[in-house]
Amino acid sequence: MLVAILFKTILIGIIFLVSLGIAAYSTYAERKVAAFMQDRVGPDRAGPFGLLQPIADGVKMFTKEEIIPNASDRILFILGPCVFMLTALMMSAVVPWGKSFEFGGVEFSLQVADINIGILYIMAIASIGVYGIMIGGWASNNKYSLLGAIRASSQMISYELAMGMSIVAIILMTGSLSLREIVDGQMHGHWNVFYQPLGFLIFLICAFAEANRAPFDLAECETELIGGYHTEFSSMKLGLYLFAEYVSMFISSAVISCLYFGGYHFPGIDSLDLPQNIAAIVSVAVLFAKTFFFIFFFMWIRWTIPRFRYDQLMKLGWQILIPLSIINIMATGAWMTFVK
């Protein structure tokens, strides 16, 4: 029992550090991807090939002057970015990062919490993230920040509905809410994306909106609402808001890989008779490879598609994605009832 608790503690620490590290270097990768697509160099001054640029940005955020407006609610002003960052990190708890491995005759699972309602947990934690945005905008005591927070919150709530309904079709097919069971049901190339292409497309679009990624980055549309809900924030409190978006992008990419692309399974590798620990290492590498692909895809879309107007964004969520997700649920239910 103590060994299991110690392992879970170490695993939580590793996932925490890996999430922060990947989020930090996603900022570097994004600038390099943008530079590649726009035929320029990108960061190349801080360290070899600019590899120390994320560290330089972190030092800058920590050393900038910290300003808290006199008229703001000080406690909520500090709590807002903390809640937003915390919810982004907590979603990683139910992600199965690989197959189980053995050490000292004891089998350990590479998943912090294998709960039977893993998908509901992810949706619940994602919905709590809205409070971090709303609290930050309201506590600033700035009308423009409040308007930005309302707009960002309504965007996230609207797309959570379509995202949740797109997952219902997966639940109908697999009969489980556990992410590990959903992943293990996609062995030998039976990926859900082949059976749920419409559900995958809806979930992917909603993931862009949930992470405030372009073309859904209206929460930070400077030309309309100054800097959005985090206008009054500076120093590392601003850094937490910006950093949490990259953490959300990383976790969203991992969840997409688990739900629709087999997670840590890959055709050909599953059939190999590898030793248990080697298979665990390979499975982790497979999941991270898929996750990095989707992170690149997030960045690619940002520098390809222009930003929506807000009315277009809400129309897409309420009048297109939600009806499509309902149709997808009905079609999946009919297929499960009369065909399968």
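As a basis for the values below, the full set of heavy atoms in this structure was taken, side chains included, without hydrogen atoms, waters or symmetry mates.
A donor-acceptor contact shorter than 3.5 Å is absent between the side chain of Glu102 and the backbone of Gln276. In this structure a side-chain-to-backbone donor-acceptor pair under 3.5 Å is present from Lys32 to Pro43. Between the Ser153 side chain and the Ile150 main chain, no donor and acceptor come within less than 3.5 Å of each other. Panel note: side chain Thr87, backbone Ile128; no donor-acceptor pair is recorded below 3.5 Å. In terms of modelled atom types and a separation under 3.5 Å, the side chain of Ser235 and the main chain of Met61 share a donor-acceptor contact. Checking side-chain atoms of Asn328 against main-chain N and O of Leu198 turns up no donor-acceptor pair under 3.5 Å. Listed for the Glu181 side chain is no donor-acceptor partner under 3.5 Å among the backbone atoms of Leu177. Formation of a donor-acceptor pair under 3.5 Å by the Gln186 side chain with backbone atoms of Asn192 is found in this model. Without hydrogens or angle criteria, Tyr260 side chain to Gly199 main chain gives a donor-acceptor distance under 3.5 Å. Distance alone, capped at 3.5 Å, is enough to place a donor-acceptor pair between the Tyr241 side chain and the Gly132 backbone.
Taken to the nearest 0.5 Å, the CD1 atom of Ile251 stands 7.5 Å off from the CG atom of Leu89. To the nearest 0.5 Å, atoms CG (Asp217) and CZ (Phe308) are separated by 11.0 Å. Expressed to the nearest 0.5 Å, how far OG of Ser26 lies from CZ of Phe296 amounts to 13.0 Å. Going from atom CD1 of Ile15 over to atom CD of Gln111 covers 9.0 Å, rounded to the nearest 0.5 Å. Rounded to the nearest 0.5 angstrom, Leu86 CG and Ile125 CD1 are separated by 8.0 Å. A distance of 11.5 Å separates OH in Tyr159 from CG in Asn212, rounded to the nearest 0.5 Å.
Hydrophobic clustering, with ILVMFWY side chains joined whenever heavy atoms are under 4.5 angstrom apart, keeps Phe49 apart from Phe292. A single hydrophobic cluster is not seen to contain both Val59 and Leu20; linkage of ILVMFWY side chains at heavy-atom distances under 4.5 Å, directly or through other members, places them apart. With hydrophobic clusters built from ILVMFWY side chains whose heavy atoms lie under 4.5 angstrom apart, Leu172 shares a cluster with Phe194. Clustering ILVMFWY residues whenever any of their side-chain heavy atoms sit less than 4.5 angstrom apart, transitively, puts Ile205 in the very cluster that holds Ile320. Note on Ile75: it does not cluster hydrophobically with Leu146, by side-chain heavy-atom contacts below 4.5 Å among ILVMFWY residues.
Heavy atoms only, all atoms of each residue included: Glu210 and Ala126 are closest at OE1-CB, 4.2 Å. Across all non-hydrogen atoms, the minimal contact from Val95 to Ala254 is CG1-CB, 4.3 Å. In this structure, Gly118 and Val94 approach most closely via the heavy-atom pair O-CG2, 3.8 Å. Ala152 and Tyr229 make their closest contact through CB-CD2, 3.9 Å (heavy atoms, listed as atom of the first residue, atom of the second, distance). Here the shortest heavy-atom pairing between Ser100 and Ala280 reads O-CB, 3.8 Å. Ala93 and Val112 get closest at one heavy-atom pair: O-CB, 3.3 Å.
Considering only heavy atoms from C-beta on, Tyr310 comes within 4.5 Å of Leu313 through its side chain. Side-chain contact between Met156 and Ile133: present, with at least one pair of heavy atoms (C-beta onward) separated by less than 4.5 Å. Annotation: side chain of Thr27 is not in contact with side chain of Gln53 (no heavy-atom distance under 4.5 Å). The side-chain heavy atoms of Phe203 and Ile170, taken from C-beta on, include no pair separated by under 4.5 Å. A 4.5 Å side-chain heavy-atom check between Phe216 and Leu316 finds at least one atom pair inside the cut-off. With contacts defined as side-chain heavy-atom distances shorter than 4.5 Å, the pair Asp311/Lys315 does not qualify. When side chains are defined from C-beta on, Asp73 counts as touching Trp138, because their heavy atoms get closer than 4.5 Å. Side-chain contact between Asn116 and Tyr121 is absent, with no heavy-atom pair separated by less than 4.5 Å.
Applying the side-chain hydrogen bond (donor to acceptor under 3.5 Å, both in side chains) criterion to Arg45, with sequence neighbours excluded, gives no partner residue. Scored by the side-chain hydrogen bond (donor to acceptor under 3.5 Å, both in side chains) test, Thr332 finds Gln196 as partners (sequence neighbours excluded).
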Show your working on side-chain contact (heavy atoms from CB on, under 4.5 Å) between Ser178 and Asp114 and close with a plain yes or no. CA-CA 7 Å; Ser178 169; Asp114 185 11; 3.3 Å; yes
Applying side-chain contact (heavy atoms from CB on, under 4.5 Å), run through Ile122 and Ile167 and close with a yes or a no. CA-CA 11 Å; Ile122 289 176; Ile167 298 176; over 6 Å; no
Could you go through the ring-ring contact (aromatic ring centres under 6.0 Å, His included) check for Phe101 and Phe7 one step at a time? CA-CA 12 Å; Phe101 76 99; Phe7 173 76; 5.6 Å; yes
Report the C-alpha separation of His230 and Leu242 in whole Å, then their side-chain angles, then the decisive distance to 0.1 Å, and conclude whether the side-chain contact (heavy atoms from CB on, under 4.5 Å) test is met. CA-CA 9 Å; His230 46 50; Leu242 302 179; 4.0 Å; yes
Set out, in order, the CA-CA distance, both residues' side-chain angles and the distance that settles side-chain contact (heavy atoms from CB on, under 4.5 Å) for Glu245 and Met249, then state yes or no. CA-CA 6 Å; Glu245 293 182 7; Met249 181 175 65; over 6 Å; no
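The aromatic rings of Phe297 and Phe294 lie perpendicular to each other, with more than 60° between the two planes, well past the 30° mark. Between Phe250 and Trp97, the angle of the ring planes stays under 30°, which puts this pair in the parallel group of the 30/60° scheme.
Around the CH2 atom of Trp191, the shell of radius 6.0 Å holds more than 12 heavy atoms that belong to other residues, nucleotides or ligands. Atom CG of Asn70 sits in a sparse spot, with 12 or fewer heavy atoms from other residues, nucleotides or ligands closer than 6.0 Å. No more than 12 heavy atoms of other residues, nucleotides or ligands lie within 6.0 Å of CE in Met330, so this atom counts as exposed by the packing criterion.
Between the side chains of Ser140 and Glu232, no donor-acceptor pair is found at a separation under 3.5 Å. A donor atom on one side chain and an acceptor atom on the other are not found under 3.5 Å apart for Ser252 and Arg213.
For the pairing with Tyr264, the side chain to side chain donor-acceptor pair (under 3.5 Å) check across Lys290, Arg180, Lys99 returns one residue only, Arg180.
Between Phe261 and Phe200, the ring centre distance stays below 6.0 Å.
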